[in-house]
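Down below is the structure, laid out as structure tokens.
Chain A is the first sequence line, chain B the second, and so forth, proteins listed ahead of strands; every chain is numbered from 1.
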Number of protein chains: 2
Amino acid sequence: MIRGMVAPMHVTVDLVVLTVRVGEFLALTIRRKLDPFAGRWALPGGFVLEREDLVDAAVRELSEEAGIGSMRTHLEQLRSYGQPDRDPRGRVVSVAYLALVPDPGEPTAGSDADAAAWKPVDSLLRSRTLAFDHAAILRDGVERARAKLEYTSLGAMLIPEPFTINELRAVYGAVWGREPDARNFHRKVSSAEGFVEPTDETTTRGGGRPARLYLRGPARLLHPPMLRS
Amino acid sequence: MIRGMVAPMHVTVDLVVLTVRVGEFLALTIRRKLDPFAGRWALPGGFVLEREDLVDAAVRELSEEAGIGSMRTHLEQLRSYGQPDRDPRGRVVSVAYLALVPDPGEPTAGSDADAAAWKPVDSLLRSRTLAFDHAAILRDGVERARAKLEYTSLGAMLIPEPFTINELRAVYGAVWGREPDARNFHRKVSSAEGFVEPTDETTTRGGGRPARLYLRGPARLLHPPMLRS
DNA sequence: GCGCACTATCGTCAGACTGACGATAAAGAG
DNA sequence: CTCTTTATCGTCAGTCTGACGATAGTGCGC
């Protein structure tokens, strides 16, 4: 049906899965069981099945390779990578997805991996340990996440509900590498329409005066944005 | 080299090519010569060659199908589309690119098309005339372009150099559907570091008092952004 | 050559928002 | 019951924006 001179290619999805745990900005990595790059760390991912939509493949890999359900997950397409030599097995085009999840605890390795682990984003980016072009994909995903914290409410997708405003502030500190001022952050978040919804509960888990607990609000975009400055 | 159960797919690039001409926001379309959708209007695009990088395929199609060189063109990846049934010929994953060009005049149809034309974005989006899922791709591209005018200097890629500030303002009006205030726009653009570079020349082509001519500046991001409000 | 129409550019001003930081509130620790 | 710690509210000056007034240079019609 398609003229023969056009070579078909393999299509994969790769996942940049990000979370924050105790003040650290982490990405999910797996250790590859098979060649190429057997034994090396990589981003989770896999081939798109014959009749499978791209986003469905991403959801499936998230579940298979990381044991992460799609319920509390923000998942968006990042971009595609198609350099002809990016995979030694042949021509493979990868559609990368970005997932932001509240810390789900230790990951369980899927069938293609002999280990899975959360690793600090900074050290992954500095240490060229990732297989394929996954360092570039991770860099793009991290950049997108950092940018989106500015003008969306997605920061709240990186912690479990309910959370205090200071816990949310720690997310921004971990992702941006710089803590916003607590008082200005509190003013901004609590006055931004629909960013967070207060509950009746408070907690003292951070020590000090009890802090109100919040849930994620319905707003997705922030007007005006929160500036990294 | 890759286990047999994973079916290879065809990979294409599709192009959302946008420009502004006499106050109208236009997208490049071609009329398809071949099935599927022969005779229907579509976005320019085509198959990625066996050893060709994705962006190279986009540059090639831009040149082949629209006669647009890559010199004065802003080209960025938009996103990928991979619904299993999006192409009746079989499984085709398309990587869409967004191009912003200064009006290059009437397009010349490439070999896969029997016509090429600039059409107003709004009417294309309203009238469900585009083949495949190209209406969705165009919508995403237009949305990206509208958003990027806010926080980048890309508006200047939509008009030929040199230009007056008012001509640039007309670009914003065409893309956003609403003209910013001339005086505030002038203040903002001329005070934003590196957005535009003044020349020594002026023009009276708009009538009235001579306007200074500007070139595109080196800045790509605007801090703070220009608000659609 | 003169005033008019037109666009370009500069200025003004109130309101919104930000960053820096002071001050007070409400817990637990000792 | 005082100290430490975190939470929350306030203050204030500086920046940026939107609305809009005012002035500056052109070409055009007469």
Exercise for review: Look at the side chain of B:Arg183 against the base of D:dG18 and say whether a donor-acceptor pair falls under 3.5 Å; ignore hydrogens and angles.
Suggested key: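 No.
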**Study point:** Quiz item: B:Arg209 side-chain donor-acceptor pair to C:dA8 base, under 3.5 Å
**Key:**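 Checked by distance alone, the answer is yes.
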Practice item. For B:Arg212, answer base if it contacts any base atom (sugar-phosphate contacts may also be present), sugar-phosphate if it contacts only those atoms, and nothing otherwise; contact means non-hydrogen atoms under 4.0 Å. Key: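 If one applies the 4.0 Å heavy-atom cut-off, B:Arg212 turns out to touch the sugar-phosphate alone, with no base involved.
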Review point. With a 4.0 Å cut-off on heavy atoms, is A:Pro225 in touch with a base, just the backbone sugar-phosphate, or nothing at all?
Key: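 Result for A:Pro225 = sugar-phosphate.
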Review point. Is B:Arg216 salt-bridged to B:Glu197, going by a charged N under 4.0 Å from an acidic O?
Key: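 A salt bridge is absent here (no side-chain N lies under 4.0 Å from a carboxylate O).
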Review point. With the threshold set at 4.0 Å, does a side-chain nitrogen-carboxylate oxygen contact exist between A:Glu201 and A:Arg212?
Key: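 Salt bridge flag = no for A:Arg212 with A:Glu201.
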Once you round it to whole Å, what is the distance between [atom2] of [N] and [atom1] of [X]?
X	N	atom1	atom2	answer
B:Arg205	C:dT7	CZ	P	15 Å
B:Tyr172	D:dG18	OH	P	13 Å
B:Asp181	D:dG21	CG	P	11 Å

Review point. Taking the six-membered ring of A:Tyr81 as reference, does the NZ or CZ atom of A:Arg79 fall below 6.0 Å from its centre and within a 45° cone about the axis?
Key: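 Satisfied, under 6.0 Å and within 45°.
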Review point. Where each residue is assigned the nucleotide of DNA chain C containing its nearest heavy atom, which of B:Arg187 and B:Arg169 is assigned the position nearer the 5′ end?
Key: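 Final value for this comparison: B:Arg169.
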Reckon [X] has a side-chain N or O less than 4.0 Å from the OP1 or OP2 of [N]?
X	N	result
B:His186	C:dA8	no
A:Asn184	C:dG19	no
A:Lys188	C:dT18	yes

**Study point:** Short side-chain donor-acceptor distance under 3.5 Å, B:Asp14 and B:Ser94
**Key:**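 Side-chain D/A pair, B:Ser94 to B:Asp14: present.
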Check your understanding: In terms of the nearest nucleotide of DNA chain D, which residue is placed more toward the 5' end: B:Pro224 or B:Arg178?
Key ->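 Looking at the nearest nucleotide for each, B:Pro224 comes out on the 5' side.
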